[in-house]
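We use all heavy atoms of the structure for the numbers below, so side chains are in, but hydrogens, waters and symmetry mates are not. Convention: sequence-line order gives letters A, B, ...; per-chain numbering from 1. Note that the structure is a prediction, hence the values are computed from the model and not measured.
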Amino acid sequence: MLKIYNTLSGKKEIFKPVEEGKVGMYVCGNTVYDYCHIGHARAMISFDVISRFIRHLGYELNYVRNITDVDDKIIKRAEENNESTQALTERMIAAQREDELRLGNKMPDREPKATEFMQEIIDMIQVLIDKGFAYHGASGDVYYRTEAFKEYGKLNNRKLEDMLAGARIDVEVAKEHPADFVLWKQAKEGEVSWPSPWGIGRPGWHIECSAMSTNCLGSHFDIHGGGPDLKFPHHENEIAQSEAATGKDYVNYWVHCGAVRVNNEKMSKSLGNFFTVRDVLAKYNPEVVRYLMVSSQYRSAIDYSDQSLNEAKVALERLYTALRGQAASAEYVPTEFTERFETAMKDDFNTAVAVSVLFELVRELNKAKTDNVAQAELLAAELLALADLLGLLKQDPEYFLQNSTVSEGLDEAGIQALIDERTQARKDKNFARSDEIRDELADQGIELLDSREGTSWTRR
RNA sequence: GGCCGGAUGGCAGAGUGGUCAUGCAGCGGACUGCAACUCCGUGAACGCCGGUUCGAUUCCGACUCCGGCCUCCA
């Protein structure tokens with residue numbers, strides 16, 4: 001029995017799909033005007049893990065994640081770069097895909113772009129106007145009439161009256177109510193635009209997700225996810241648009257991941273305190289980043305720092321060390337570890353506990369190595385299978401241990417030459433020279449491990 | 001000001017009304033030429049004040065502090 005925390009109710013709820021055996025999940029993707037930062041990575045990885053586990057439970061999942069490729073920031077950035085919006089968005093989409101694959105994500109089943117759903121967007125706006133939920137304002141823009149949707153604010157426990165009182169934003173005169181938001185925006189001279197019944201323009205930010213999600217998954221579907229900063233206003237507005245347009249319940253489970261913080265502040269574009277995925281991957285093996293994300297429960301805030309990355313690296317090394325030189329059987333019978341792992345994951349995708357089970361499995365595996373080779377191989381297979389649900393332990397152990405960080409120091413040949421020299425020194429019982437070489441390598445972050453089979457090394 | 005979330009051992013991070021999280025670090029031991037890896041053992045925690053209870057870190061209330069959202073942001 002799967003339980004999911006639903007932002008709408010503020011509680012964990014037993015998951016029951018709209019249609020038996022099938023799950024529709026829509027996740028808000030990125031606005032593609034810049035490279036992904038670590039906060040984006042957290043969201044993408046969280047929902048990737050969620051999608052894997054939902055499939056693991058046997059559901060037929062349809063995972064849709066949009067791409068916002070028309071927006072003010074895109075237009076602005078393209079102007080600054082002196083390129084077309086299309087050239088910019090295509091570049092960023094390719095970069096995002098590359099980052100994501102390096103981080104070990106499986107791609108969503110479908111990635112609709114806003115620009116490909118212009119007719120559906122226009123149709124939905126027209127329905128909203130026809131039903132009295134939208135109006136063509138004096139400015140020429142089309143606005144959503146929040147006062148017409150009586151449940152406005154239900155996702156965030158907000159009341160329209162309170163928002164009026166606390167409104168600090170410049171109230172556009174064209175709006176009937178300060179909380180009203182744009183559905184269709186008039187184009188300025190030279191801006192990318194589409195024809196519509198309300199003149200040449202482009203969609204507001206929120207309407208695209210209502211149009212794409214309902215067109216891809218139907219007007220009522222199971223899970224809608226996104227980052228923590230999307231709860232308001234984006235998701236609130238989506239609910240208002242979709243439920244007003246279709247007259248049906250929109251989404252059953254609203255799922256939001258936690259923020260990534262830097263120095264106790266949220267990492268965000270507007271604060272400028274973000275690290276891009278590619279910056280981080282220039283220093284660390286991508287699986288270290290993934291481990292960091294998965295080692296906390298998806299809803300809790302994560303602190304990002306060199307220290308947290310290093311701790312993630314060391315922990316992941318312990319897992320990989322257990323697999324170094326260890327054969328895994330082709331098949332295995334799930335043990336209590338699998339059961340505990342699955343129980344944790346069924347409890348609102350508690351990856352933190354799931355990961356702890358991996359460590360306990362590794363302890364058993366390490367013990368079995370010396371006295372029960374067959375059991376060790378079974379446990380190794382089980383470890384790999386469970387880790388796969390988190391997208392971890394996908395690399396060759398030897399490769400990972402030698403490349404957990406990206407180093408500009410000695411290359412492999414240089415390291416091997418020193419190891420060979422040391423091996424000879426040890427044969428000659430010249431331990432002074434042997435230790436000297438070991439210290440020399442240690443200074444370069446290379447740690448040696450002697451065993452019967454020879455000496456292997458790990459990048460620290 | 002409104003709404004939401006959090007406060008756990010040296011650090012990170014789960015969880016529970018009454019025996020274990022887990023990882024790193026520490027301490028003792030085994031293994032090793034010495035190490036490392038690994039294994040065994042071990043110390044260490046639940047912001048503050050009340051309440052409920054035989055018993056609360058866990059439930060309830062107040063307080064303090066921290067973070068998020070309320071404007072674009074995963």
Side-chain angles (χ1 to χ4, degrees), chain A residues 7 10 27-31 33-34 36-47 65 71-73 76 153 155-159 161-163 165-170 179 181 205 225-234 236 256-261 264-272 274 291-292 295-297 299-303 305 307-308 310-319 321-322 324-325 340 344 347 350-360 362-363 365-367 369-370 401 426 429-432 434-435 438-439 442 447-451 455-458 460:
Chain A
T7 305
V27 174
C28 286
N30 303 337
T31 301
Y33 70 101
D34 205 346
C36 296
H37 61 59
I38 291 297
H40 297 116
R42 154 96 120 160
M44 295 192 290
I45 291 170
S46 294
F47 289 101
R65 190 184 62 197
D71 158 274
D72 289 351
K73 292 187 292 298
K76 181 164 175 273
L155 182 66
N156 293 275
N157 292 307
R158 286 179 201 198
K159 295 192 179 81
E161 309 90 80
D162 297 342
M163 293 169 58
R168 288 238 213 87
I169 19 162
D170 293 334
F181 52 92
W205 174 37
D229 35 15
L230 263 30
K231 284 179 209 167
F232 192 90
H234 186 55
E236 193 70 57
H256 296 93
C257 66
V260 176
R261 295 185 199 164
N264 222 21
E265 254 188 345
K266 189 185 78 161
M267 181 182 294
S268 77
K269 287 285 176 70
S270 46
L271 288 170
F274 60 91
Y291 180 91
L292 173 65
S295 60
S296 301
Q297 207 270 348
R299 282 189 288 119
S300 60
I302 280 184
D303 259 306
S305 66
Q307 188 190 334
S308 62
N310 276 317
E311 284 174 6
K313 180 182 82 100
V314 170
L316 191 51
E317 278 170 350
R318 175 168 163 80
L319 261 28
T321 300
R324 190 177 219 172
R340 288 167 56 203
D347 183 13
N350 196 332
T351 53
V353 170
V355 166
S356 77
V357 173
L358 259 33
F359 284 98
E360 294 183 49
V362 157
R363 173 163 289 117
L365 167 57
N366 285 331
K367 279 194 269 189
K369 281 178 179 179
T370 52
L401 291 166
R426 292 179 72 220
K429 300 263 191 272
N430 182 356
F431 295 122
S434 163
D435 291 349
R438 185 170 61 203
D439 292 345
E447 180 182 283
L448 300 183
L449 189 154
D450 297 326
S451 72
T455 300
S456 54
W457 58 275
T458 298
R460 287 292 182 187

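In this structure, the side chain of A:D347 does not engage the main chain of A:N350 through any donor-acceptor pair within 3.5 Å. A distance-only check finds no donor-acceptor pair linking the side chain of A:D303 to the backbone of A:S308 [under 3.5 Å].
Distances were taken from every side-chain heavy atom of A:P233 (C-beta onward) to each of B:G33, B:C69, B:C72; the shortest belongs to B:C72. Nearest nucleotide to the side chain of A:R158, out of B:G2, B:A21, B:A74: B:G2. Side chain of A:K367, nearest nucleotide from B:C40, B:G68, B:G2: B:C40. Side-chain atoms of A:R363 lie closest to B:C40 of the nucleotides B:C66, B:G33, B:C40. The listed nucleotides are B:U22, B:C73, B:G33; the one nearest the side chain of A:D435 is B:G33. If you check B:U22, B:C73, B:C37 against the side chain of A:F359, the one that comes closest is B:U22. In this structure, of B:C73, B:G23, B:A36, it is B:A36 that holds the atom nearest to the side chain of A:L449. Here B:G13 is the nucleotide among B:C72, B:G13, B:U22 with the atom lying nearest to any side-chain atom of A:A352.
As judged by a 4.0 angstrom heavy-atom cut-off over every strand, A:L448 is placed among the base-contacting residues. Counting non-hydrogen atoms under 4.0 angstrom, A:H256 reaches nothing in the nucleic acid. Residue A:G226 is in sugar-phosphate contact alone, with no base atom involved, counting any heavy-atom pair closer than 4.0 Å across all strands shown.
Checked for salt-bridge contact, A:R158 and A:E236 miss the test: no charged N lies under 4.0 Å from a carboxylate O.
For a distance-only test at 3.5 Å, the side chain of A:R318 fails to qualify as a donor-acceptor partner of the base of B:C24. For A:R261 against B:G67, no side-chain N or O and base N or O form a donor-acceptor pair under 3.5 Å. For a distance-only test at 3.5 Å, the side chain of A:D229 fails to qualify as a donor-acceptor partner of the base of B:G68. Interface remark: the A:R438 side chain does form a donor-acceptor pair with the B:C34 base, using a distance-only criterion of under 3.5 Å. Residue-to-nucleotide contacts include no donor-acceptor pair under 3.5 Å from the side chain of A:S356 to the base of B:G13.
Residue A:N366 has a polar side-chain atom (N or O) positioned under 4.0 Å from OP1 or OP2 of B:C39. When the side-chain nitrogen and oxygen atoms of A:N350 are compared with OP1 and OP2 of B:G15, one or more of them lie within a distance under 4.0 Å. Between A:R65 and B:A74, a side-chain N or O to OP1/OP2 separation shorter than 4.0 Å is absent. For the OP1/OP2 pair of B:C3 and a distance below 4.0 Å, the side-chain nitrogens and oxygens of A:K231 include no atom meeting the criterion. Residue A:W205 has a polar side-chain atom (N or O) positioned under 4.0 Å from OP1 or OP2 of B:C73. Between A:K266 and B:A74 there is no side-chain N or O to OP1 or OP2 distance below 4.0 Å.
Side-chain contact between A:V260 and A:H37 is absent, with no heavy-atom pair separated by less than 4.5 Å.
A straight line from CG of A:D34 to P of B:C73 spans 14 Å, rounded to a whole angstrom. Rounding to whole angstrom units, CZ of residue A:F431 and C1' of B:U32 are separated by 10 Å.
Summarising the base pairing, B:A7 is matched to B:U64 through a Watson-Crick or G-U wobble pair whose two defining distances lie under 3.5 Å. Base pairing of B:G1 is made with B:C70, judged by Watson-Crick or G-U wobble geometry with both donor-acceptor distances under 3.5 Å. Of all nucleotides present, none satisfies the Watson-Crick or G-U wobble test against B:A45 with each distance under 3.5 Å.
Nearer the 5' end of RNA chain B, as judged by each residue's closest nucleotide, is the contact made by A:Q307, out of A:Y291 and A:Q307.
A:W205 and A:H234 have parallel rings, their planes meeting at less than 30° on a 0 to 90° scale where 60° marks the start of perpendicular.
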